[in-house]
Protein chains: 2
Amino acid sequence: MGSNLKDVAALAGVSVKTVSNVVNGYVHVSATTRERVQAAIDELGYRPNATARSLRSGRSGVLALAVPELGVPYFAELASLVVDAAATHGYTVLIDQTAGAKDRELVVLGGIRHHLVDGVLFSPLALGVAELRRRTDATPMVLLGERGLRGPTDHVGIDNIRAARQATRHLAERGCRRIAAIGVQSVGTGATARQRYAGYRKGLADAGLELDPALVLPAPRFHRAEGYAAMATLLELPDPPDGVFCFNDLLALGALRCLHTRGVPVPEQVALIGFDDAEEGSYATPSLSTIAPDKAAIATTAVELLLSRIRAGEPPDRPRRLTAGYALVARESSAR
Amino acid sequence: MGSNLKDVAALAGVSVKTVSNVVNGYVHVSATTRERVQAAIDELGYRPNATARSLRSGRSGVLALAVPELGVPYFAELASLVVDAAATHGYTVLIDQTAGAKDRELVVLGGIRHHLVDGVLFSPLALGVAELRRRTDATPMVLLGERGLRGPTDHVGIDNIRAARQATRHLAERGCRRIAAIGVQSVGTGATARQRYAGYRKGLADAGLELDPALVLPAPRFHRAEGYAAMATLLELPDPPDGVFCFNDLLALGALRCLHTRGVPVPEQVALIGFDDAEEGSYATPSLSTIAPDKAAIATTAVELLLSRIRAGEPPDRPRRLTAGYALVARESSAR
DNA sequence: TTGAAAGCGCTAACAC
DNA sequence: GTGTTAGCGCTTTCAA
């Protein structure tokens with residue numbers, strides 16, 4: 001245990017360089033030498049020291065992924081896909097949870113384990129373009145999430161506004177006339193909520209419906225409990241909605257449970273659509289209609305973009321903004 | 001960008017050691033010196049190189065967490081808690097997904113990014129005591145999951161057998177006489193399924209019920225789809241069950257959806273209990289009864305045990321096996 | 001309180 | 001095809 005190249009070299013009676021060649025699969029090593037070195041490696045149980053290797057080569061083979069919280073299925077699924085995509089390229093992923101808190105997102109901008117991480121994938125919630133612009137850390141970074149964040153940073157996401165507009169129109173096409181939105185967030189924070197809200201308004205306009213402020217409810221964290229509470233509020237309105245667009249599936253699932261509890265039939269009396277396509281939604285009763293972003297495409301595209309930036313070794317002259325696809329998946333919760 | 005201690009030292013007109021002292025918050029540095037050094041650090045935008053620091057100190061501040069897949073809520077929640085617990089101690093977590101595949105679990109045993117990782121938290125599915133015993137990597141490792149894995153490795157988990165027994169008895173106490181089990185796995189693989197099955201049989205015995213092999217269904221991966229399929233099989237039996245113990249919540253949620261689809265009232269005709277306490281279950285209709293392991297305790301205990309092993313710096317003379325608590329949470333799916 | 005210098009384990013340039 | 005050696009950026013004796 002704890003042996004190094006020198007130990008192996010000594011045991012095999014060769015130089016350090018030769019051992020290094022064998023370890024790294026360098027071709028020009030004679031078969032006998034290779035065998036002898038391999039024997040020494042096995043005998044000593046030698047493992048290359050990744051830290052020393054990184055220091056020397058300037059590459060660690062580690063990416064960082066910063067998300068609000070893995071407890072939210074969307075981020076868990078995304079993380080899962082990112083980890084697999086990175087593994088495909090021989091990279092490992094280090095996870096950072098920000099809870100969507102501004103101070104913790106700023107820490108991510110400042111740099112995580114400087115030089116221990118070759119690149120960063122970041123899904124910010126609270127940060128805006130201004131903060132992004134102020135970043136000085138030179139580690140390559142790719143943002144995950146909404147398209148249209150007009151910052152200086154590389155970016156992979158779907159067209160949120162268009163998707164939200166389509167979701168809203170979908171409800172209108174199913175005969176909904178009073179369509180609520182759950183998930184609006186206070187100004188200054190995340191682009192996600194703002195963009196989905198913008199899409200919602202456009203969708204209403206497309207259908208010739210008026211925006212009723214009473215039908216627009218906030219939800220700072222996109223959790224089930226907030227969806228439940230917001231739905232309860234909506235049901236107490238003198239003129240409750242007949243359709244609800246929730247800004248993510250968790251909110252929709254919470255709303256759905258609230259509707260069940262109050263005995264409101266879905267989709268007959270209230271139709272529902274979510275966003276994210278959490279697997280959970282397809283097993284709910286009724287199954288949940290949703291916007292399904294192509295998460296696999298987001299993950300692989302982002303990883304590959306990041307790796308290309310790492311390989312280039314220099315800051316991009318202009319940011320790349322890549323768009324992944326999505327689909328509207330109509331299920332039982334809006335079938336009417 | 002890309003400045004190092006030497007650059008800072010030169011600019012501040014002090015030695016490298018002094019800069020290092022300032023960076024590391026060493027107390028015996030005069031106020032003026034500290035100020036001057038800090039100014040130089042700010043001017044150059046200096047960030048300590050974590051890799052170099054690790055190589056020198058032998059500590060990276062990185063833990064690895066190896067789980068089957070983050071797409072499964074239990075592992076996502078656990079990962080979330082582990083990441084937070086590690087952060088409390090200044091550690092970052094690197095994620096590895098094994099898919100529960102033996103070959104990939106063996107890779108974890110072999111060592112992930114040797115020396116770049118101070119310790120490993122591992123939730124194996126396929127590996128048994130034999131493989132664990134053969135491990136030669138000296139990196140401290142703590143197993144997450146089932147108690148009673150009588151291997152040579154440190155371990156934190158709940159008493160699965162007792163919990164499963166209690167879940168089964170719970171259904172019997174609610175009047176169920178034909179209690180099925182979904183989630184059995186073929187011999188040789190994971191302790192989890194085996195232990196929950198053992199608990200199931202004990203629970204049946206406690207209630208004076210016979211084991212009916214037709215009511216015991218396999219599920220290799222503990223996913224929703226498998227729960228759905230298994231439930232469908234059970235409903236086609238000439239004498240279908242009146243209660244089902246699913247070895248995790250995902251299986252139970254799949255089963256629940258199947259029951260809904262077939263119009264079988266839950267819990268009146270078939271009562272259901274799961275395992276893991278995924279938040280999803282408490283928002284299902286009917287809400288899902290479950291065994292709720294104290295995941296936060298598992299995460300913090302495991303991280304602290306691992307850190308203590310890292311600090312000790314030597315292999316443990318004997319493995320520690322720590323047990324976290326759990327609770328049976330009775331909800332609507334078994335309320336009768 | 002601060003400085004000088006060695007060395008963590010590896011890779012890569014250069015020699016032979 | 002193989003060996004020698006410098007040095008990645010840092011911490012850490014040891015001196016001063």
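A, B, ... follow the sequence lines: proteins, then strands. Residue 1 opens every chain.
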Have A:Arg113 and A:Thr139 got a donor and an acceptor in their side chains that come within less than 3.5 Å?
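Absent: no donor and acceptor within the cut-off.
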Indicate whether any N or O donor in one side chain lies under 3.5 Å from an N or O acceptor in the other, for B:Ser15 and B:Thr18.
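On atom types as modelled, these side chains qualify, holding a pair under 3.5 Å.
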What is the separation between atom [atom1] on [X] and atom [atom2] on [N], rounded to the nearest whole Å?
X	N	atom1	atom2	answer
B:His28	C:dT1	NE2	P	6 Å
B:Leu44	D:dG9	CG	P	14 Å
B:Leu5	C:dC8	CG	C1'	15 Å
B:Arg59	D:dT11	CZ	P	14 Å
A:Arg56	D:dC10	CZ	C1'	15 Å
B:His115	C:dC10	NE2	C1'	12 Å
A:Arg53	C:dC10	CZ	P	8 Å
B:Asn24	C:dT2	CG	C1'	15 Å

Classify B:Ser54 by what it touches in the nucleic acid, base, sugar-phosphate, or nothing, heavy-atom distance under 4.0 Å.
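Counting heavy atoms under 4.0 Å across all strands, no contact is made by B:Ser54.
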Applying a 4.0 Å non-hydrogen cut-off, can you work out what B:Thr33 is touching in the nucleic acid: base, sugar-phosphate, or nothing?
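It contacts sugar-phosphate atoms only.
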Drop me the distance from [X]'s [atom1] to [Y]'s [atom2], to the nearest 0.5 angstrom.
X	Y	atom1	atom2	result
A:Asp294	A:Ile158	CG	CD1	9.5 Å
B:Arg34	B:His28	CZ	NE2	11.0 Å
B:Leu70	B:Leu78	CG	CG	10.0 Å

Does D:dT12 have its OP1 or OP2 closer than 4.0 Å to a side-chain nitrogen or oxygen of B:Tyr26?
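No, no such contact exists.
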Ignoring backbone atoms, establish whether B:Ser30 has a side-chain N or O less than 4.0 Å from OP1 or OP2 of C:dT2.
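Yes, because at least one side-chain N or O of B:Ser30 sits under 4.0 Å from OP1 or OP2 of C:dT2.
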Looking only at side-chain atoms of [X], point me to the closest of [options].
X	options	value
B:Lys17	D:dT13, D:dT11, C:dG9	D:dT13
A:Pro48	D:dC10, C:dT2, C:dC10	C:dC10
B:Ser20	C:dG9, D:dT12, C:dC10	D:dT12
A:Val16	D:dT2, C:dT11, D:dC10	C:dT11
A:Tyr46	D:dT2, D:dC10, C:dC10	C:dC10
A:Leu55	D:dG9, C:dC10, D:dT4	D:dG9
B:Asn49	D:dC10, D:dC8, D:dT2	D:dC10

Let me know, please, whether B:Ser57 or B:Asn21 comes out on the 5' side of the other along DNA chain C by nearest nucleotide.
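This one resolves to B:Asn21.
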Closest-nucleotide ordering on DNA chain C, the 5'-leading residue of A:Ala50 and B:Thr18:
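Checking each residue's closest nucleotide, the 5'-ward one belongs to B:Thr18.
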Closest approach of A:Leu81 to A:Ala296 (non-hydrogen atoms, all atoms of both residues)
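Nearest pair, atom of A:Leu81 first, then A:Ala296: CD1-N, 3.7 Å.
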